[in-house]
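Here the structure comes first, spelled out in structure tokens, and everything after it is commentary.
In this text the structure is predicted, and so the values were computed from the model without any measurement. In this chain, residues are counted from 1 in sequence order. Every heavy atom of this structure was used, including side-chain atoms; hydrogens, water molecules and symmetry mates were not.
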Amino acid sequence: MSPIDPKDVEVTRARMETDDVRLSLGGLLRGKLALITGVANDRSIAWGIAEAFQREGAELAFTYPGESMERRVRPIAEGIGAKAIVDCDVSKDEDIARTVAEIGKVWDRVDVLVHSIGFAPRSALDGRFADVTTRDAWRITMDVSAYSLIALARAFRPMMPAGSSIVTLTYYGAEKVVRNYNVMGVAKAALESSMRYLAEDLGQEGIRVNAISAGPIKTLAAAGIKGMRTMLGENAAKTPLRRNVDQEDCARAALYLCSDLARNVTGEVLHVDAGQNILGVVSME
Ligand code: NAD
Ligand code: 0WE
């Protein structure tokens, strides 16, 4: 691979020769059983993670919330050889209990649990925070986006052996105000804190719990956001690496966190954001 000539690097969207390469390390997760939540379609961050885990030799199972999502998820999950595909709306305790039972029919353990779920009522993601953050919006957002990590961890803990791990997806809006991210930012702060408390609690069983803080990526969840295109363009121009991140970047971080490469890493928020979070004031000169 030749070194990168600075003249060839575009200011707004630095591309690298290695950009489209899907990493294959030859069995980093060989024989591991991975349960993946949060696949909506083939642009989902969870799907990028699933493909990478598959390449590295993991067996996969998927969850989706409700029949309307089943039509999107089942075909691609079957195509990748999923061992189970289970209906699990994480806001329902009975769905989570049934998911444990269903997974228990095909696997005697779960080595990796990927939590890639976030939801806020649309009306709460646009407008003045004080006005749009209703009690209902708060309750739903916190329940689906933060509490669900705790609920899933509790439900699957009995099936998770020492050396297993849980990874969740978070966003910078947990740490600093990102306009319009609103109650999702509050929920991501709760999610990150819950991740740390779980890491401490489940550490005694040898279960690691970590988070990936991803930069903005065009997925189904992001497609519904006003001004996302502008945000992605500006982001690519401003980040230290002058680029956006993608699903494969998150997948590589997940491979690290969920493999023995990170055997002594827990309670960590790993930023996969082309360096965005280190920035203070950015001059656009
Ligand atoms: P996505 O729309 O593909 O995934 C979101 C998933 O959440 C969907 O699969 C959806 O089915 C699931 N979900 C929503 N409500 C649910 C419920 N009640 N029960 C079970 N599942 C439910 O979008 P994505 O961008 O891949 O999002 C995945 C995660 O990554 C989310 O936690 C999101 O906040 C986070 N994240 C996204 C970005 C981004 O810019 N796209 C950046 C950082 C973090
Ligand atoms: O976590 C997210 C998106 C989460 C999300 C998206 C939607 C859209 C459709 C949660 N709930 C919903 N509900 C819907 O009805 N991201 C990190 C992507 C994102 O969302 C933003 C962002 C970024 C980045 C919202 C405002 C500002 C920036």
Side-chain angles (χ1 to χ4, degrees), residues 24-40 42 44-67 69-70 72-117 148-169 195 198-199 201-212 250-251 254-263 266:
S24 188
L25 299 166
L28 195 58
L29 296 179
R30 191 170 300 135
K32 299 284 189 197
L33 312 180
L35 176 60
I36 316 277
T37 69
V39 172
D42 64 2
S44 294
I45 294 172
W47 184 251
I49 292 173
E51 286 187 309
F53 282 14
Q54 147 103 340
R55 287 198 299 276
E56 294 302 326
E59 278 185 33
L60 306 176
F62 296 87
T63 70
Y64 60 86
E67 262 178 53
M69 271 294 169
E70 179 171 16
R72 297 162 170 266
V73 178
R74 187 168 289 281
I76 58 175
E78 277 173 354
I80 207 172
K83 293 292 183 295
I85 307 167
V86 187
D87 186 348
C88 182
D89 178 338
V90 293
S91 66
K92 298 176 178 162
D93 284 334
E94 58 275 22
D95 276 29
I96 293 175
R98 185 170 35 72
T99 302
V100 173
E102 292 289 315
I103 296 298
K105 287 181 194 166
V106 293
W107 289 345
D108 62 354
R109 61 173 207 284
V110 169
D111 298 305
V112 178
L113 174 60
V114 176
H115 177 278
S116 187
I117 293 168
S148 61
L149 179 70
I150 302 169
L152 286 171
R154 179 170 60 247
F156 280 97
R157 184 182 61 166
M159 287 187 75
M160 298 190 74
S164 61
S165 86
I166 302 174
V167 68
T168 187
L169 273 295
M195 177 277 292
L198 285 169
D201 184 22
L202 305 194
Q204 58 198 297
E205 272 110 32
I207 304 170
R208 298 181 296 102
V209 191
N210 293 288
I212 293 167
C250 297
L255 271 181
Y256 163 70
L257 288 173
C258 297
S259 70
D260 289 343
L261 287 177
R263 65 185 184 182
T266 196

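Between the CG atom of Leu149 and the CG atom of Leu198 there is a distance of 5.0 Å, given to the nearest 0.5 Å. How far OH of Tyr256 is from CG of Asn210: 8.0 Å, rounded to the nearest 0.5 Å. One finds the OG1 atom of Thr63 at 10.0 Å from the CG atom of Asp89 (value rounded to the nearest 0.5 Å). Interatomic distance, OG1 of Thr99 versus CG of Leu152, reported as 8.0 Å (0.5 Å rounding). Leu33 contributes atom CG, which lies 4.0 Å from atom CZ of Arg109 (distance to the nearest 0.5 angstrom). Separating the CD1 atom in Ile49 from the CD atom in Glu51 is a distance of 11.0 Å, to the nearest 0.5 Å.
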Practice problem: List the steps, then state whether side-chain contact (heavy atoms from CB on, under 4.5 Å) holds for Asp87 with Tyr64. | Solution: CA-CA 5 Å; Asp87 186 348; Tyr64 60 86; 3.5 Å; yes
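Looking at every heavy atom in both residues, Leu255 comes nearest to Leu28 through O-CD2, 4.1 Å. A pairwise comparison of heavy atoms in Met160 and Ile166 identifies CE-CG1, 3.9 Å as the closest pair. Nearest heavy-atom pair, Phe53 versus Val112, reported as atom, atom and distance to 0.1 Å: CE2-CG1, 3.6 Å. A pairwise comparison of heavy atoms in Ile36 and Ala46 identifies CG2-O, 3.7 Å as the closest pair. Across every non-hydrogen atom of Gly104 and Met159, the tightest pair is CA-CE, 4.1 Å. Across Ile45 and Cys250, no two heavy atoms sit closer than the pair CG2-CB, 3.8 Å.
Annotation: Arg98, atom CZ; neighbour count of heavy atoms from other residues, nucleotides and ligands within 6.0 Å is above 12. Counting heavy atoms of neighbouring residues, nucleotides and ligands inside a 6.0 Å radius, atom CD of Glu94 exceeds 12 of them.
Contacts of Arg30 classified as side-chain hydrogen bond (donor to acceptor under 3.5 Å, both in side chains), with partners at least two apart in sequence or in another chain: none.
Across Asp111, Leu60, Val110, a single residue satisfies side chain to side chain contact (heavy atoms under 4.5 Å, CB included) together with Lys32, and that is Asp111.
Counting heavy atoms from C-beta on, the side chains of Val90 and Thr37 never come closer than 4.5 Å.
Judged as a side chain to side chain donor-acceptor pair (under 3.5 Å), the pairs with a partner in residues 153-168 (not counting sequence neighbours) are, in order, His115-Thr168, Tyr147-Arg154.
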Let me have the donor-acceptor pairs involving side chains of residues 72-81, under 3.5 Å, with sequence neighbours excluded, atom names and distances please.
unit_1	atom_1	unit_2	atom_2	d
Arg74	NE	Glu70	OE2	2.8
Arg74	NH2	Glu70	OE2	3.0

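Between the side chain of Glu56 and the main chain of Gly26, a donor-acceptor pair closer than 3.5 Å is present.
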